[in-house]
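So the structure is just underneath, and the comments pick up after that.
Chain A is the first sequence line, chain B the second, and so forth, proteins listed ahead of strands; every chain is numbered from 1. Remember, it's a predicted structure, so these values are computed and weren't measured experimentally.
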Protein chains: 6
Amino acid sequence: MDGEQAPGLWERPGRFMAAEAGYDAARWVLAGAPLELTVSYRAGTRWGPARIREASYALETYSPDLDRDLEEQAIHDAGDVALPLGNLGQSLARIEAALRRPLADGKALLVLGGEHLVTLAAVNAALDRYPDLVVVQLDAHTDLRDRYLGEPYSHATVMRRVLDLVGPGRLWQLGPRSGLREEFELARREGRFFRDVGEGAEALAAELAGPLRGVPVYLTVDIDVLDPAVAPGTGTPEPGGPDFATVQRAIYTLARAGARVVAADVVETAPPLDPSGRTEIVAAKLVREILLAFAPAAA
Amino acid sequence: MDGEQAPGLWERPGRFMAAEAGYDAARWVLAGAPLELTVSYRAGTRWGPARIREASYALETYSPDLDRDLEEQAIHDAGDVALPLGNLGQSLARIEAALRRPLADGKALLVLGGEHLVTLAAVNAALDRYPDLVVVQLDAHTDLRDRYLGEPYSHATVMRRVLDLVGPGRLWQLGPRSGLREEFELARREGRFFRDVGEGAEALAAELAGPLRGVPVYLTVDIDVLDPAVAPGTGTPEPGGPDFATVQRAIYTLARAGARVVAADVVETAPPLDPSGRTEIVAAKLVREILLAFAPAAA
Amino acid sequence: MDGEQAPGLWERPGRFMAAEAGYDAARWVLAGAPLELTVSYRAGTRWGPARIREASYALETYSPDLDRDLEEQAIHDAGDVALPLGNLGQSLARIEAALRRPLADGKALLVLGGEHLVTLAAVNAALDRYPDLVVVQLDAHTDLRDRYLGEPYSHATVMRRVLDLVGPGRLWQLGPRSGLREEFELARREGRFFRDVGEGAEALAAELAGPLRGVPVYLTVDIDVLDPAVAPGTGTPEPGGPDFATVQRAIYTLARAGARVVAADVVETAPPLDPSGRTEIVAAKLVREILLAFAPAAA
Amino acid sequence: MDGEQAPGLWERPGRFMAAEAGYDAARWVLAGAPLELTVSYRAGTRWGPARIREASYALETYSPDLDRDLEEQAIHDAGDVALPLGNLGQSLARIEAALRRPLADGKALLVLGGEHLVTLAAVNAALDRYPDLVVVQLDAHTDLRDRYLGEPYSHATVMRRVLDLVGPGRLWQLGPRSGLREEFELARREGRFFRDVGEGAEALAAELAGPLRGVPVYLTVDIDVLDPAVAPGTGTPEPGGPDFATVQRAIYTLARAGARVVAADVVETAPPLDPSGRTEIVAAKLVREILLAFAPAAA
Amino acid sequence: MDGEQAPGLWERPGRFMAAEAGYDAARWVLAGAPLELTVSYRAGTRWGPARIREASYALETYSPDLDRDLEEQAIHDAGDVALPLGNLGQSLARIEAALRRPLADGKALLVLGGEHLVTLAAVNAALDRYPDLVVVQLDAHTDLRDRYLGEPYSHATVMRRVLDLVGPGRLWQLGPRSGLREEFELARREGRFFRDVGEGAEALAAELAGPLRGVPVYLTVDIDVLDPAVAPGTGTPEPGGPDFATVQRAIYTLARAGARVVAADVVETAPPLDPSGRTEIVAAKLVREILLAFAPAAA
Amino acid sequence: MDGEQAPGLWERPGRFMAAEAGYDAARWVLAGAPLELTVSYRAGTRWGPARIREASYALETYSPDLDRDLEEQAIHDAGDVALPLGNLGQSLARIEAALRRPLADGKALLVLGGEHLVTLAAVNAALDRYPDLVVVQLDAHTDLRDRYLGEPYSHATVMRRVLDLVGPGRLWQLGPRSGLREEFELARREGRFFRDVGEGAEALAAELAGPLRGVPVYLTVDIDVLDPAVAPGTGTPEPGGPDFATVQRAIYTLARAGARVVAADVVETAPPLDPSGRTEIVAAKLVREILLAFAPAAA
């Protein structure tokens, strides 16, 4: 690598704070997936990964509530998955392929979206390694439509496709407050549905201490689960959600219950829609808390 | 109507979601009143009706909390009242005239403001048909001045004029946290004043089950009753207000108590003041919840 | 239609100013195509048609430079083509189908984008009726790539596909100042390329008076042909373009030369990227000038 | 005045740069008139005076093109005329009354708008002292309607009212590029109309050297005369206008011709519509150049 | 002062509402300190004092919760401390010098920041007069680093310097939720640390009724103590904070306990970072509540 | 480096487009210097380097006007100089030290600011290697004050310090339209001053063909040389500047004259001040044109 970098005191922007580990040494691998193809209302999630990384520097690496520090973790920031333009199927395939490798190498995965469809690719990748995966979704929307404007793959159908993959009873939905009547019926029938994030976390914690002990968990956080006052920079803000502390507590509840999170994502952050810039800071803090709350779980 | 519309698959923007009924069939009539003439601090309410309609498409027609769907309602979107420029008296007269007809036809009315003075015109129209009208105001401000900078008609005096019309004891104010000392004194003396939205709703619900049973109710929601974190896009945001869920619960409290809402408005949404665009979504969701919570009440 | 509209003095938002004619009576048909699927840098063109219509009311219907008035024209605003989500092929097919009918009926067409790919659908529709179509493109970019990130259909390849359709020599490009070297080589070899908008218009005018007399013309205006100072609200603003008056003059040059414009579009306006709101006004004024400069040409 | 101001080194914001003279000593009096009552499209001019003053500190007091410095001028910043809310007639009367006094005292006047109607009040005040006043208008719009939406007083009728006051031939319009056909006909018939700002300035300069020598001039600059690229922060931006240097040169042309400007205004700056903040800087620079270019002319 | 001000009805912008008292008569002195030199993430606090004053006019002078009115207080707005550019030491010295005088004159002080370092200058000034000063800090951050990027004076070290001045046990920190591990350790060891604002206020109130009775208090409110949803316009917004009512209640708790506040500040408001403009209104309301809650305490 | 990067198809954001060369192979070295310490009006230049790099991807690597492509150049993006907080002297020293090395290695340097003071550090570094350096400044401001608010080092004094370094006659100023009278006098006396960018470029080109043939040139472009319509995102926008094409032509004029540019900078881009995002694109295009127009000149 001689001569590759200019000599002297230089900084290279573009990494999440404290994600300084090389790939081999890392227990967490952070990956951006700036997918944005099925937007229905307002756009901007493709800028999510870049701005969340940048915003992380507005925070400390230390979490006083957890009394843990990112600098004591081995985190590798892999960059963004390189995506083709306008081709949804190929994009999902590339994300899945890119994420499969770190999972195979026993790394825990933290994916920065991008739109919610990245969860489908990531769950697909995770199921390969963890066939008994349970998916936990924090979201304002059920995202359980079978088709949306005729299309089977969209941010409004993503959790239906995930439900198809993991099967009844293995999708926990915490917080949805918007959807079609049939989506809520399906959520209650085949999923584990909780209108209240906190109650859902408690219920899941109870099972994690019992029947679900040790099960590998995929945690997907759609930033719009938060009230739009807290996270306005998202495509379909839905009034009436919880504040930051409530979502933070739900994460702690799962962590204290020993949830074995093997992969997680934070999706639907659309920075251009929030000129105050706080949504990406909120997303970055959620990422920090997830990285710190859950000890990486190798197979 | 042959030849009026281009043949083929076209969409016409400009209606509130699911407001597809013709006038005759409708039980609810939705009307915009983009009045904006007495602004004291910051402007933009004239864009309220257009943006609230547009924002409604970010939401679902179904309310999971109420388990009701706008698509099961007969709602007619009448468009906006055509207003002259800069002439307040004539504007109020036109709004009143335009609204009188649907009320006479036994429709329930949902008015989108515009500044709060539209409530005066709408209450005037409603009193014609419902002389025993009770007015319920959710608002951060008392709006009870007799004059504001010398003028009897302004967004700061509107509820005083309404109080003049309906008489002592028939104006319920829920949530005001700003005003002059004499306004609060008047509110407590001649109105029914509750600093707390939830407590006010409970007290009103109790009377709706008793002395006020069956009385026709006009519900006016000034969007600034919400904390500015929730609804920043309004002319005079007043810190320290309730969150969305609290206001939503107050509406449910009234609905469960059988409130007979014959007309309602959502006013003071000023979209240009909120570049995140969430205030108009908040307004649209309040409209949806009001349309669904209160069964239209004909005379 | 009795009972369809509330009685009284109402306005219905959602039409371009003065586009009050019914379809049958109209000579111009205005159509929105809010397509946005292959964005590479920044998003927002899906809001183009709605905002351009709204912005038209900031302008007069009268053009003092042309001494003509939209109110003296018969213009029908057909609304927007209803588009599926995330399916590019189907979207293009629907746009093409929707536009084919007015062209078949001998109407002149003015399409509001949406991203530049709508031009491909519109040219396809127009070729059916006008097989000898010449396409005139005002644009900052050549848009002549054969593939873009592997995809044959995108805003970066659209004019290559159009060139495939109309054949060498029938695509006039006025103003491109950005592209790959091979695009510029192709533009010069198979198209008619002019770096300067005004020079290009003069050259075309000369041929319109000669070999191209009477040929049906499709005029596509990518709003980014203008300098970003003039039209910042677009996905890929390219510094160094002409001002508004220069583009206006080019349109007049073609009109004076008797250009028989059978269809036109104004594309790539992305209102959310311009908080000053002037880009949609610029687009609306271009639409007005095109509608007034070119007398609709039936077959 | 002992004890009025805290002892020590304090700054008081709120004055135009270098406007440090007391009233008696001043030759120029600067006055704000934050009137905003007849807005038709977008609001914000009430913030004009405050933001233009603030923005002046982004500039130097010295004009290199004129080689003059505001610090060598005696300028008094009188503050803003105190305006009632929502009452147009009374507002205009107050502005007129407030401005009459400095004119009577032989001061030259520079008024910061507010909407264009302030010009009517100011011209009324000036006519008292200068009955042979000639009005020079730099504007994108003719503003010559007799009525606008039924109202005789509005920003769209203001120059018609001014024309009523000063009489045929005494209103020079430089730059209008938008209006009704009848407005342009009237402008050409009864006013002195020039589509091009520079040509108009040259023509006026010629008459100032001849028949109009020594005549008192009222100069009104509607900021929207500039292209919206230069001054986007205004209510009805009209594409296709001149750049800053062109307007600056027109002012110099008049100054070199010895124009005796007894009063001037810069109106229609709407700072909230320009988040880049440059429109108020443009307005402040126009104010500086006017203050420096025209030596105050006492009677 | 003859001839200093133009005769007539003029308003002078630039004061906090109701701060109309002369210096000698005043019990409260309001002072701006638009210092901004050690920003680490995002800028804009230099505009704090000007915008907070302006925003105060969106509020009433009357606080219904306290039933007190600013118009019944004698408040002098001294303007802003004149600051040199880019020289931190000299800036702090000037602020300290400017503030020392009103304190010596027995006035209570309310300082508008500017960045948090103004607190250091203000505490220094206050210690002169009140050597037994206790400092109460409402803040999202501990601000207790010894050095930040090598520098001893910055917004991240300011409370460490204050702690150096007042000594162990005399710095009360209410609300910090971000910092280094060693900062939290120091806060708990040498300061009085409360993660929860309300609990901290109760604890302090208890001591104010006992061992700390009558002690002079300096109250510093970093606007970022509030959740970013409430106050997004600040340099380093930290998700997970209290809402406005919680902070308001904490102030009331201290007031009811008889806290003798001799000086206070509200710092770190960065208006350009909040295009909705509500953060400066929040700051202005905090200022109003502090001015009303605490009776000025002379020595 | 095994195991340093995650295996698979990843992209790493954070480089200027096509700046893919390693340091040793590079002829151009690109360096960010996000210095921002002496802002007088509005802030944001610290975000310049990051956003200019990001914005470069909105452009092509190929310049059709020059018919050259960045992909045919060997460019190394060294990242940003790591800067201490709030310490101006140390910051300048670090920038100078970091830049000295590539210059010593015979690389040509392109520095992204950051405020204009970075030019002082860069010129200092360059003088070491090129004692006969001539500095060419494109700027709206003279920046020739000896002190600004008492300070010798600020963005308003930077070119005075540079003039001190290079000596009379070796500073060419193209375009200044703002400054104090004494600055313009100094510029004309000791520098080479041209109010008009184009005229200045021609004059310099003439000397480059004669007495200055082969002299090493430092080119500093303050983005505010452009009219604020073109580049609104800068701290002190000065109305009345040239458009993009004019500045581009000036660069070509120098290039055609064989200017031997050994180092260059583009400074004062403040992205947060331009929500349309075009200023950073303008800056990126200037960088591209400079990189392509001037062949790197080793000693």
*Can you say whether Pro228(B) sits under 4.5 Å from chain E via the side chain, the backbone, both, or neither, judging by heavy atoms?*
both

*Among Asp65(E), Leu59(E), Thr61(E), single out the residue with the greatest number of heavy-atom pairs under 4.5 Å to chain B.*
Asp65(E)

*For side chain to side chain contact (heavy atoms under 4.5 Å, CB included), just list the numbers for Arg278(E) and Glu238(B), CA-CA rounded to whole Å, side-chain angles, deciding distance to a tenth of an Å, and then say yes or no.*
CA-CA 8 Å; Arg278(E) 71 187 183 275; Glu238(B) 180 71 31; over 6 Å; no

_For a quick test of reading the model, state the closest non-hydrogen atom pair linking Ser178(B) to Glu60(E) and the distance between them._
OG-CG, 3.3 Å

*asked:* Between Leu273(B) and chain E, with a heavy-atom cut-off of 4.5 Å, which part of the residue counts as in contact: side chain, backbone, both or neither?
replied: backbone

*Between Gly179(B), Ser276(B), Pro232(B), which residue shows the highest count of heavy-atom pairs closer than 4.5 Å to chain E?*
Gly179(B)

*Side chains of Ile281(E) and Pro239(B): does their closest heavy-atom pair fall under 4.5 Å?*
yes

*Nearest-0.5 Å distance that lies between atom CG in Asp243(B) and atom CG in Asp243(E)*: 8.5 Å

*Which atoms of Asp67(E) approach chain B - backbone, side chain, both or neither, heavy atom under 4.5 Å*: both

*salt bridge (charged side-chain N to carboxylate O under 4.0 Å, His left out) assessment of Glu72(E) paired with Arg181(B)*: CA-CA 12 Å; Glu72(E) 299 153 8; Arg181(B) 182 178 278 140; 2.7 Å; yes

*asked:* Just so I understand: if I count every heavy-atom pair under 4.5 Å between each of Thr246(E), Val282(E), Asp274(E) and chain B, which residue has the most?
replied: Val282(E)

